[in-house]
Amino acid sequence: MEVIIASSPRQAGSIGADLVEAQLARNPASAIGLATGSSPQPMYRELIARCAAGRLSFAQTRAFLLDEYVGLPDDHPESYRRFIERELTSQIDLPSSALAGPDGSTRDLDTAGSRYEQLLEEAGGIDLQILGIGRNGHIGFNEPTSSLMSRTRLKMLADTTRRDNARFFGGDLDLVPRHTITQGIATILDARHVVLIATGSAKAEPIRLMVEGPLTAMVPASALQLHPHATIILDEESAADLATAAYHRETYAQKPAGRDSS
Ligand code: F6R
């Protein structure tokens, strides 16, 4: 696991954008996995700016959502498809047909997960998966106690997650869906490179547990310890509880150009 401690959320976003840019330079037809929520937004803004400046293009890229609420109408502004269209894909040159996500409005919830898995497989898998982390250590919506071997499926949201996400629903907890279809932990681990961004003091504890704690289903993000190419981009606040912070700073400062230190 490579841990990078940025000076601000904005710099964290810029470092994340560098990784996406490098991936697209290697392969413009890459499959990129997209997370919603607040954490990746500085990175998305940076990608939009770089695209507008002609520095990178998503014209050949395919994008796949990490998760989707169940039961929201397709055109609901807080569905994850609409969120990502609004915050990113409508502002870059990704063709609208190149964005896919789990089908949260289906009646066939039993097969929604396996159908999405099939789509990911047909795409050749995810090249670079962007992640955030929940206050309770979730990745995607794999809440604590999720199987570390899980694949895309229906999951019920934890109360803490629904409360955290109520801010996107005008603060009304009753409007926050109870269920999602989320990539499983094993699905996320299949991505060839995972890039997790966490900023703010509320993420200090889950980041400490993910980076320095034991591998446990109680902290689903700890499964990233198993990934051979995981990059964790933090700001000062989210890195504040890391006993190994000095090591990570030194490692990054000494990093040979073009190498990573997973
Ligand atoms: C979003 C997702 C979640 C969020 C996490 C952090 O698609 O799967 O795991 O990444 O809840 O959310 P923010 O970034 O809003 O703190």
Side-chain angles (χ1 to χ4, degrees), residues 6 9-10 12-13 16 32-45 63-70 72 76-89 99-104 113 116 120 126 128-146 150-169 171 173 176-189 191 194-207 209-210 219-224 230-235 237-239:
R10 189 165 173 199
I32 306 288
L34 298 173
T36 58
S38 308
S39 310
Q41 287 196 8
M43 176 174 80
Y44 293 160
R45 284 195 287 273
F64 294 88
L65 294 176
L66 179 60
D67 36 32
E68 181 58 276
Y69 284 125
V70 167
L72 291 185
H76 191 289
E78 292 312 324
S79 78
Y80 281 169
R81 174 180 280 273
R82 286 282 174 268
F83 180 101
I84 216 76
E85 284 173 350
R86 187 172 61 242
E87 300 296 332
L88 178 66
T89 60
L99 172 65
D103 183 2
Y116 195 54
L120 294 176
I126 300 284
L128 187 153
Q129 175 66 54
I130 295 153
L131 297 173
I133 184 171
R135 273 194 305 143
N136 62 5
H138 71 215
I139 45 172
F141 283 119
N142 298 284
E143 303 287 22
T145 73
S146 289
S150 51
R151 312 287 324 177
T152 307
R153 70 216 181 288
L154 180 70
K155 276 301 279 185
M156 184 157 173
L157 291 173
D159 277 348
T160 51
T161 303
R162 291 188 64 241
R163 280 199 297 274
D164 283 347
N165 289 3
R167 69 188 193 280
F168 295 115
F169 292 83
L173 187 59
V176 185
R178 291 181 183 277
H179 293 92
T180 65
I181 298 169
T182 179
Q183 286 190 30
I185 295 175
T187 316
I188 292 169
L189 293 179
V194 296
V195 176
L196 184 145
I197 301 185
T199 54
S201 57
K203 301 297 171 67
E205 171 74 353
I207 285 297
L209 293 170
M210 175 187 82
V219 182
S222 67
L224 298 185
T231 306
I232 314 301
I233 308 175
L234 308 175
D235 67 349
E237 291 185 354
S238 61

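Because the structure is a prediction, the values reported are computed rather than measured. Both ligands and their constituent atoms are indexed starting at 1 by order of listing.
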*So do the side chains of Ile232 and Ile133 get within less than 4.5 Å of each other, counting heavy atoms only?*
no
*Nearest to atom 9 (O) of ligand 1, what protein heavy atom do you find, and at what distance?*
Gly140 O, 2.7 Å
*asked:* Here's a test for you: under side-chain hydrogen bond (donor to acceptor under 3.5 Å, both in side chains), which of Thr182, Thr180, Asn142 qualifies with Arg153?
replied: Asn142
_Quick check on Arg162: does its CZ atom have over 12 non-hydrogen neighbours (other residues, nucleotides or ligands) under 6.0 Å away?_
yes
*Answer side chain, backbone, both or neither: which part of Arg167 comes under 4.0 Å from ligand 1, heavy atoms only.*
side chain
*Starting from atom 8 (O) of ligand 1, find the nearest protein heavy-atom neighbour and note its residue, name and distance.*
Asp67 OD2, 2.4 Å
*For ligand 1, which part of Ile133 has a heavy atom less than 4.0 Å away: the side chain, the backbone, both, or neither?*
backbone
Report, one line per pair, each donor and acceptor closer than 3.5 Å where one atom sits in a side chain of residues 38-45; sequence neighbours left out.
unit_1: Ser38; atom_1: OG; unit_2: Arg167; atom_2: NH2; d: 2.6
unit_1: Gln41; atom_1: NE2; unit_2: Gly37; atom_2: O; d: 3.4
unit_1: Tyr44; atom_1: OH; unit_2: Ala35; atom_2: N; d: 3.3
unit_1: Tyr44; atom_1: OH; unit_2: Ala35; atom_2: O; d: 2.7

*By number and element, which atoms of ligand 1 are closer than 4.0 Å to a non-hydrogen atom of Ser38?*
13 (P), 14 (O), 15 (O)
*In the protein, what heavy atom is nearest to atom 1 (C) of ligand 1, and what distance, to one decimal place, separates them?*
Thr36 OG1, 3.2 Å
*Can you check whether Pro77's main-chain N or O pairs, donor with acceptor, with Arg86's side chain at less than 3.5 Å?*
yes
_For atom 11 (O) of ligand 1, what's the nearest protein heavy-atom neighbour? Residue, atom name and distance, please._
His138 NE2, 2.7 Å
_Would Phe141 count as being in polar contact with ligand 1, using the rule that some N or O on each side must be under 3.5 angstrom apart?_
no
*In ligand 1, which numbered atoms sit nearer than 4.0 Å to a non-hydrogen atom of Leu66?*
8 (O)
*asked:* Could you check whether atom CZ of Arg178 has more than 12 heavy atoms from other residues, nucleotides or ligands sitting under 6.0 Å from it?
replied: no
*Protein contact to atom 10 (O) of ligand 1 [nearest heavy atom, distance to 0.1 Å]*: Gly132 CA, 3.3 Å
*Can you tell if the side chain of Ile181 reaches within under 4.5 Å of the side chain of Tyr116, non-hydrogen atoms only?*
no
*With the side chain counted from C-beta on, respond yes when Pro9 and Asp235 share a heavy-atom pair under 4.5 Å apart, and no when they do not.*
yes
_ligand 1 N/O within reach of Tyr80 N/O, cut-off under 3.5 Å_ = no
*Write out the residue and atom name of the closest protein heavy atom to atom 16 (O) of ligand 1, then the distance separating them to 0.1 Å.*
Lys203 NZ, 2.6 Å
*Quick check, are the ring centers of Phe83 and Tyr69 under 6.0 angstrom apart?*
no
_Identity and separation of the nearest protein heavy atom to atom 14 (O) of ligand 1_ = Ser39 OG, 2.5 Å
